[in-house]
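Values below: every heavy atom of this structure, side chains too, minus hydrogens, waters and symmetry copies. For this chain, numbers begin at 1 and follow the sequence in order. Note that the coordinates shown come from a computational prediction; the quantities given were computed from them, not determined experimentally.
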Amino acid sequence: MDWIVGIALIIIIFFSTSTIEKTLKTIKRQNDTIIELLKEIKNKKES
């Protein structure tokens, strides 16, 4: 019975980690987009 609980915990941790990783990748993509937009705005102001 203990090994079932152990396997369940491993599966839960795996899926949680996967979800967190996807969320962090999405946030990074959004940050990269914002940085590019800010660079474009800065370049337009300097011109």
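Applying the 4.5 Å side-chain rule to ILVMFWY residues, one finds L24 in the same cluster as I20.
Checked against I7 for a side-chain contact (heavy atoms from CB on, under 4.5 Å), the options I11, V5, I4 give a single hit: I11.
A 4.5 Å side-chain heavy-atom check between E46 and N43 finds at least one atom pair inside the cut-off.
The side-chain contact (heavy atoms from CB on, under 4.5 Å) search around K28 returns D32, not counting sequence neighbours.
Under the salt bridge (charged side-chain N to carboxylate O under 4.0 Å, His left out) criterion, the residue pairs touching residues 1-21 are E21-K25, with sequence neighbours excluded.
Between the side chain of S18 and the backbone N or O of F14, no donor-acceptor pair lies under 3.5 Å.
To the nearest 0.5 Å, atoms OG1 (T19) and NZ (K22) are separated by 6.0 Å. With rounding to the nearest 0.5 angstrom, the CD1 atom of I34 is 11.5 Å from the CD atom of E36.
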